[in-house]
Chemist: 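Sharing a structure, written as structure tokens. Questions coming.
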Amino acid sequence: MAGRTRTYAATVRLSRAAGLPGRLPDGLGLAVRVQHADGVDRPLDLLLTSSGRGRITRHLPLPRADALGGPYSSLLPYRVGGRRGVLTAFPRRSGRAPVHGDPASLKRALASGPLLFDLCAESSDRPRRPFAVLTVRAPLPLRRHEGPDFDIYAHSVPGFTPGSALARTRRAAYRGSRAGRARG
């Protein structure tokens with residue numbers, strides 16, 4: 001499929017890790033569900049966290065106040081096309097006011113146009129390479145605790161999977177989270 005351009009519908013969630021007030025730095029999350037990534041009813045979930053740009057800091061969470069103020073990273077490796085590497089998302093600033101990661105700030109930012117993120121993959125033997133542009137056009141009309149349950153293990157596709165680092169622990173945590181949400 002190299003060289004082919006496709007458009008996929010996606011659901012995106014911007015979140016704040018500790019839920020601190022909007023103007024304070026917090027760990028920011030960028031969750032993406034690509035609908036029908038590998039056929040009908042085969043979504044792909046990506047979970048990225050605000051991080052640094054450097055060789056070391058792209059593996060570390062980095063609190064920030066502005067959702068467009070720097071990159072996001074998978075922190076831990078993925079296997080993409082047989083290579084082990086880190087996924088990153090780089091927001092395109094376009095002169096916007098800060099987006100604090102809260103629904104009101106996001107709604108204000110989207111009123112002036114879509115938010116764009118360059119999604120990239122990089123490995124130890126290959127530099128960062130863009131593989132997609134994520135375009136966020138409108139907020140979903142959801143109440144505070146509604147939204148999809150993102151799970152990188154339940155929603156991965158062949159050739160694009162989370163790596164093995166801490167996989168057993170993370171899978172158990174995701175199973176526990178799903179069970180807790182199912183119980184209400």
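Values in this document were obtained by computation on a predicted structure and should not be read as measured data.
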Chemist: Is it the case that the side chain of T135 and the backbone of L116 share a donor-acceptor pair, with hydrogens and angles ignored and the cut-off at 3.5 Å?
Modeler: no

Chemist: Can you check whether F90 reaches R128 side chain to side chain, under 4.5 Å on heavy atoms?
Modeler: yes

Chemist: Are L110 and P139 side-chain neighbours, meaning at least one heavy-atom pair lies under 4.5 Å?
Modeler: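 In contact.
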
Chemist: Determine, for F150 and R33, whether the Lys NZ or Arg CZ falls below 6.0 Å from the six-membered ring centre while staying within 45 degrees of the axis.
Modeler: yes

Chemist: Check whether any side-chain heavy atom of L60 sits under 4.5 Å from a side-chain heavy atom of L75, and report yes or no.
Modeler: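 No, side chains not in contact.
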
Chemist: If you measure from CG on L28 to OG1 on T49, what distance do you get to the nearest 0.5 Å?
Modeler: 9.0 Å

Chemist: Hey, could you give me the OH/CG distance between Y72 and L62, rounded to the nearest 0.5 Å?
Modeler: 10.5 Å

Chemist: Just how far is it from atom CG of L44 to atom CD1 of I152, taken to the nearest 0.5 Å?
Modeler: 10.0 Å

Chemist: For H36 and D41, indicate whether the former's side chain and the latter's backbone hold a donor-acceptor pair under 3.5 Å.
Modeler: yes

Chemist: Taking only residues at least two apart or on different chains, which pairs with a member in residues 92-132 satisfy ring-ring contact (aromatic ring centres under 6.0 Å, His included)?
Modeler: F131-F160

Chemist: Which residues pass the side-chain hydrogen bond (donor to acceptor under 3.5 Å, both in side chains) test with R58, sequence neighbours left out?
Modeler: E122

Chemist: For the residue pair A89 and L30, what are the closest heavy atoms and their distance?
Modeler: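 Looking at all heavy atoms of both residues, the closest pair is CB-CD2, 3.7 Å.
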
Chemist: With heavy-atom distances below 4.5 Å as the criterion, would you say the side chains of T11 and V32 are in contact?
Modeler: no

Chemist: At their closest point, which heavy atom of L87 faces which heavy atom of L48, and how far apart are they?
Modeler: O-CD2, 3.9 Å

Chemist: How many angstroms lie between atom CZ of R55 and atom OG1 of T57, to the nearest 0.5 angstrom?
Modeler: 11.5 Å

Chemist: Look at the side chain of S156 and the backbone N and O of T161, then say whether any donor-acceptor pair between them is shorter than 3.5 Å.
Modeler: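 Absent.
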
Chemist: Counting N and O atoms only, with roles assigned by atom type, does the side chain of D66 sit under 3.5 Å from a partner on the main chain of L68, one being a donor and the other an acceptor?
Modeler: yes

Chemist: Tell me the closest heavy-atom pair linking R64 and S51, and the distance in Å.
Modeler: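 Closest approach of R64 to S51: NH2-O, 2.8 Å.
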
Chemist: Do V157 and V86 share a hydrophobic cluster (ILVMFWY, side-chain heavy atoms under 4.5 Å, transitive)?
Modeler: no

Chemist: In Å and rounded to the nearest 0.5 Å, what is the NE2 to CG distance from H155 to L46?
Modeler: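 Interatomic distance, H155 NE2 to L46 CG, rounded to 0.5 Å: 12.0 Å.
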
Chemist: Please list, chain by chain and in numerical order, all residues satisfying side-chain hydrogen bond (donor to acceptor under 3.5 Å, both in side chains) with D118, sequence neighbours excluded.
Modeler: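 D118: side-chain hydrogen bond (donor to acceptor under 3.5 Å, both in side chains) contacts with R92.
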
Chemist: Atom OG1 of T88 and atom CG of L119: how far apart are they, to the nearest 0.5 Å?
Modeler: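 Answer for the OG1-CG pair, T88 versus L119, is 8.0 Å.
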
Chemist: Between A18 and D26, which heavy-atom pair has the shortest distance, and what is it?
Modeler: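 Shortest heavy-atom separation between A18 and D26 comes out as N-OD1, 3.0 Å.
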
Chemist: Give the minimum heavy-atom separation between Y8 and Q35, together with the two atoms involved.
Modeler: CD2-O, 3.9 Å

Chemist: Test your reading of the model: is there a side-chain donor-acceptor pair from S123 to the backbone of G85, 3.5 Å cut-off?
Modeler: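 No, S123 side chain to G85 backbone: no donor-acceptor pair under 3.5 Å.
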
Chemist: Write down the atom of P130, the atom of C120, and the distance for their closest heavy-atom approach.
Modeler: CA-SG, 3.8 Å

Chemist: Has R16 got a side-chain atom pairing as donor or acceptor with L20's backbone, closer than 3.5 angstrom?
Modeler: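 Looks like yes, one N/O pair under 3.5 Å.
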
